[in-house]
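Remarks on the structure that follows.
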Amino acid sequence: MASNGSSSSSRSQHRLRIIAGHLQKRTEDQHTSLSAQNCRAESPGSSPSRQTPVPRRRQEIMKWNGWGYSDSRFLFNKKGQAEFTGKRYRLSGLILPSLKDWFEGTFGASLQHKSPATSSLNVSAVSPPNLNEAFSEDLKAAGLLASHDAEDRVFRAHGHCLHEIFALREGRIGRVPDMVVWPSCHSDVEKIVDLACKHNVCLIPYGGGTSVSSALECPQEETRCIVSLDTSQMNRILWIDEKNLTAHVEAGIIGQDLERQLNERGYCTGHEPDSMEFSSLGGWVATRASGMKKNIYGNIEDLVVHIKMVTPRGVIEKSCLGPRMSTGPDIHHFIMGSEGTLGVVTEVTMKIRPIPEYQKYGSVVFPNFQQGVACLREVARQRCAPASIRLMDNEQFQFGHALKPQVSSIFTSFLDGLKKFYITKFKGFDPHHLCVATLLFEGDRGKVLQHEKQVYDIAAKFGGLAAGEDNGQRGYMLTFVIAYLRDLGMDYYVIDESFETSVPWDRVLDLCRNVKERIIRECKERGVQFPPLSTCRVTQTYDAGACVYFYFAFNYRGLSDPVHVYEQVEHAAREEILANGGSLSHHHGVGKLRKEWMKESVSGVGLGMIQSVKEFVDPQNIFGSRNLL
Amino acid sequence: MASRALYSPRHPMLKKRDDFEDILEERRRYSDLRYALKCYTPTLYKGLVPCKASVLKTIVLQSDHLQYVIKQVSSESGDSPECVTEEASLILDEMAHRLQLSTIRFFAFTLSKAFKCLFRSVCVNEEGIQRLQQAVQEHPVVLLPSHRSYMDFLMMSYILYTYDLPLPVIAAGMDFMSMKFVGEMLRMSGAFFIRRSFGGDKLYWAVFSEYVKTMLRNGYAPIEFFLEGTRSRTCKSLTPKTGLLNIVMEPFFKGELFDVNLVPVSISYERILEESLYARELLGVPKPKESTSGLLKARRVLSEDYGSMHVYFGQPVSVRSLAERKINRSQYNLLPRHIPQKPSTDTHEFLTDAGFRLVRMQEENMVLKPWVLIATLLLHNPDGLDLSSLTEQTDWLRHLALAFGAFLDWPDHESCTEVIRSSLALHRHLLSISAGHVQLSATDSPQVQMSAEEAVFHRAVVVLSCASYRNQILHVFLRPALLAVAMQSANSSRKDDIYNCFSFLRNMFSNEFILCPGDSVQDFEEACYLLMKRGVLQVLEHEIVMSADGHSTLAFLCTVLDPFLQGYQVVCRYLCEETNENLTEKEFIPGVRDFALKLILGGRLTCFEVLSSDLQKNVLAALLRLNAVRKLKVGDQVTLKVNKIAVNSLEDTLGGKISTQKPMLARL
């Protein structure tokens, strides 16, 4: 054994060297990595990249009744100035001097009128778990980690729909999962699904928990034991194939970890949905996610090469990694968008790309929204869309301005004033009509610059003026912090929500106008005292149409049931979208929130097809989230 | 019968109506010139895309819709696209208005003079104007006035100018265009001209619809057109036309507009300028072609007193709320929106229904003068009435009409006698009054020796003129009257029997009166309710029983419909007895007229209204609809194939000889 001793010590020394190398490389990478993550939160400290930032007890670092990290939130300080706490984001620790005026002016809200949330979870409000003893026993015997702790269960009982968060803030807890289980690999999942079938237990897969379609809500009518299958511990990159530029990844990995770990190897997936700090690979697959930079990298359906999913019938996967197949209907399309109704996605092989050499933000100001849309349409027609191009309407442009941090030098504020003067006075743009497009270019430097010129030239034809990189970058940063803003609003009687659709080009303007107007009208009819904020942006361009994102928010003081009012308004807005040729969803999915329109959207036959797949794959309805159907 | 739900809240009596203001009052006090030159700053639509009339043409010609149709027409006809475009451009030139403020100012001046001569007052409901002001800002507006006189659209523009509202563009019939100077004047005051018929002409339709839609979408100006399609010669509302209604609603259906506001406007005249002209036209003296010289001859009319005039701007109707749950807008999702699409069956149904409802709104807001009641009574008593009994009966009728929700403009502070005296004075040309006995007659009658036929026509002119006033109040009595007749002919007090009878009559007369399709049960319940409230009927669960003192009311109501019942029977008898296999459509009206004339001369018919070509056409339309008569096209002649058995049994049923039973209805 002594001889072994020396060899083991040399081995451990060798390992130390490797780890040290890792650490060193990591710090270097942090400076060179170029993806949009400089806007996003940085993961805590210097923890080795293999360690997951998503602990099993998520509530330790994340809010139990709001968006994101516990240490990051907006608040109005004693001087009445808005600030963003924490250290994670660029905006963290900064004062936002104009937010208060915008907030009070837009919503008629007042800092005097607070509507604070219940501070902590009242565990006694959570109904005791309805455990399936035999299942629990078998689980334990198989060595799987599980919990029926109230906090764990409540955390996994919701996504981030307004009504879900609103209820939590009021301390109202509905039906929650009876148990949480954490598989750590594919075969764990197989065991769990087997046991669930054996004991007739309902499974609801849980990835990042960022759903906005009520997909994670436990069905009221479910009487079986509901088990939340948390994939967060299945978060490894299993291999990277540099010859074919693919990576094989466990599906529980969350976006920012995947991207960071690939960056360390010089790669990226380029898939950056707005929720990428928290959403998981499996979730993307299950909802047909779309990333900001899809113009270069594609949406999730373009990115996946191979999917492995555990269903009650067994594992479904393809036999090879061929880039395209003609083998009947693509089985991936049964999986993508199945929203947890057929099984658990465990492993995905997806395309990766070398990290782009150069990245540049940009922005263009247009005299009005019509011109902006016309420009985006032209960009799409010429198929020269940058990695990302987004067009905000006037209301959102003003909102963006309200989020400008305090400027430190007089010079910058002078420059800002000059810019404003140039645009509104010299160019004659009406500050109540102008709108702004934000751009993100990626690639090698020469090409980016060339590409940039092409896009700005097109923009000029539609009266667009280049408005600098800063404005562009701030636009994208907003994406990550906007979700935090909702919690601030809710502290002061303001509730808001966003929803999205996709629509052919020729209907974009009409749809935007009609939906915004419908929201305003519905709010008025339902007794909302102050005109709501009703705004939209075009966030993706396609050959045949665009993706449009709506935000709406209103001050609910004086309403007895604000959530109900809000739901009615959202319902009306969705009807309006459908009546104007928009789709039921571009990438949020259907969940339970929108399933009433499924038949209308895909026809009775279409729905029947989906139904029959479900019946074959999961006859016992083990995956009983009741989404989609 | 369908559900016997509680009476729906569509009750006319509960309707609160606005007060009026006389716009001529100010004109009589202040300078017309200053008025014509006043600072005119209309309230504008918030989404207005400012553009000049001349730019409109370019927008229309370059629109995707028109470009698409031009290509289509060009490939079908083999003409070059340039050639078709040229054609489209010519159509547009012929059609387009050239609205300009100077012309409006000219009209503001001259019409002020003219209106002050013609009318004692022009009363407008100011609250309606305020509502319109609101509506104009929010969404594009479509003005839908009733159409009784040429005066209508001049008056509309005049009023809108007066109240600083945007001036409308008006869809006018091409016949005006032939009046050279006047046509151009009208064009410059906002009229655009459409051909009376352009059935199969794809290009014309495309140009026309795109022209209207462009103006609507850009918020260029309120679009004004007449739902009834033409002036009603009888003063009864006409069945709405849905073509233009579809055009103005389509931008909403297709999501191009968030909403469109439809504003029904009811224009009523105490005395209609064209009164005897209409009567003659109905009797077959052809309508004089509109000509400038003809209009100048009409100068004579300026010297007469036409009493007062009322214009009621109704509640704006949002197309969006009208279409809610009736139109599935996603049906327009799958076809590019510039490709013309025929309205689907349910759209069509919706348009018809909407049209009917809008015309009903016009009817309900139509101001009725006391003379309307007097005319009704005089028609019921061809031998005339003593002034005292006329007064008494008018007062009785007034209360009945009010109870049924009539919008009666009865002077507040005058005695009934006084009111009747002044009404009679205004309409003296239709009356002969001697020794306190009032009777319908032609004042200038026995000048020359007239043939018996001429005398009949002469009397018919007076009767039809008078009927045009009674017709104004028909909509108030219509439903109870149908019920009264149904009770009389049902020979049963069972509710179901009466309903069947009611429903038969309603169906029969649905070309004659404004009866919304599908509202049979509702109308029946409304009639029951009104008569029950009036104490005429007792409506039990399965029975309807006349109350002790209900007789006079029921008798009156039956008399109201009598001319129509008789008229329909005469036409049916004509078709059964007097026609052969080769009756052409053209021969129909003269044929019926001769037949009726013979009956009248022979003393077998006293009802002069049968001579009205309007009634005759309506009967034919009803019979065609019921498949009792079919049209057969042979060459360029249309012949009418009469199913004599069916027509005969309809006649019998109308005459109350056969009670209405379902099997018989089914046979039709």
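Labels below follow one simple rule: chain letters A, B, ... track the order of the sequence lines, proteins then strands, and each chain is numbered from 1. Bear in mind the structure is a predicted one, so any value in this text is a computation, not a measurement.
- When heavy atoms are compared at a cutoff of 4.5 Å, A/Arg518 approaches chain B by way of both its backbone and its side chain.
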Worked verdict on B/Val317 versus B/Leu358 for side chain to side chain contact (heavy atoms under 4.5 Å, CB included):
CA-CA 9 Å; B/Val317 179; B/Leu358 289 161; 4.1 Å; yes
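- No part of B/Asp64 comes within reach of chain A, as not one of its non-hydrogen atoms sits under 4.5 angstrom from that chain.
- Of all heavy-atom pairs spanning B/Cys516 and B/Arg360, the tightest one is SG-CG, 3.9 Å.
- If you measure heavy-atom distances from B/Leu257 to chain A, the contacts under 4.5 Å come from the backbone alone.
- Closest approach of B/Leu262 and B/Met249 over heavy atoms only: CD1-CE, 3.8 Å.
- Between A/Glu576 and B/Arg329 there is a salt bridge, since at least one side-chain N of the basic residue sits less than 4.0 Å from a carboxylate O of the acidic one.
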